[in-house]
Amino acid sequence: MVALRIRDVSEEVRDALAAHAKGRGQSLQAYLLELVETQARRLRDTSLINHVGGRSCGSRSLPGGSAAELADQREQHGP
């Protein structure tokens, strides 16, 4: 694991995030980690969708095929 540090966050922003985290029953650190992990998944999913959508072989996915392929890619590459 690595540590990330964000500098120059205003107190107003920090307080708003902390209040939201508290309302969700989370620490600020747990809430921010969840946000970062969610964004990383979205970026990876977008990349995979663009890769799959860019196939030039003329193949088409069956209904539900894209979701299954995305799940397979997630399993191979981790969270």
Side-chain angles (χ1 to χ4, degrees):
M1 293 282 180
V2 299
L4 299 177
R5 179 180 291 182
I6 301 173
R7 297 176 190 265
D8 302 322
V9 177
S10 70
E11 286 185 37
E12 180 181 340
V13 169
R14 184 231 160 300
D15 292 347
L17 291 169
H20 188 74
K22 184 177 181 179
R24 294 170 50 115
Q26 294 178 295
S27 67
L28 178 58
Q29 195 265 329
Y31 175 64
L32 293 175
L33 179 58
E34 182 181 313
L35 288 177
V36 169
E37 288 174 340
T38 297
Q39 183 61 25
R41 272 193 307 278
R42 286 179 180 157
L43 292 171
R44 188 189 67 233
D45 290 352
T46 299
S47 176
L48 290 171
I49 289 168
N50 289 338
H51 173 73
V52 171
R55 288 186 281 194
S56 61
C57 64
S59 64
R60 297 186 70 108
S61 296
L62 296 173
S66 295
E69 190 165 339
L70 184 57
D72 289 342
Q73 290 293 322
R74 281 183 174 165
E75 188 174 302
Q76 289 178 17
H77 298 288

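- Leu28 approaches Ala18 most closely through the heavy-atom pair CD1-N, 3.8 Å.
- Note: the hydrophobic cluster containing Leu32 also contains Ile6 (ILVMFWY, side chain heavy atoms under 4.5 Å, direct or indirect links).
- Leu4 and Leu33 are members of different hydrophobic clusters when ILVMFWY side chains are connected at heavy-atom separations under 4.5 Å.
- For Ala21 against Ser27, the heavy-atom pair with the smallest separation is CB-O, 3.7 Å.
- The side chain to side chain donor-acceptor pair (under 3.5 Å) with Glu34 is formed by just one residue from the set Gln29, Gln39, Arg24; it is Arg24.
- In the hydrophobic clustering of ILVMFWY residues, with side-chain heavy atoms under 4.5 Å counting as a link, Leu35 and Val13 come out together.
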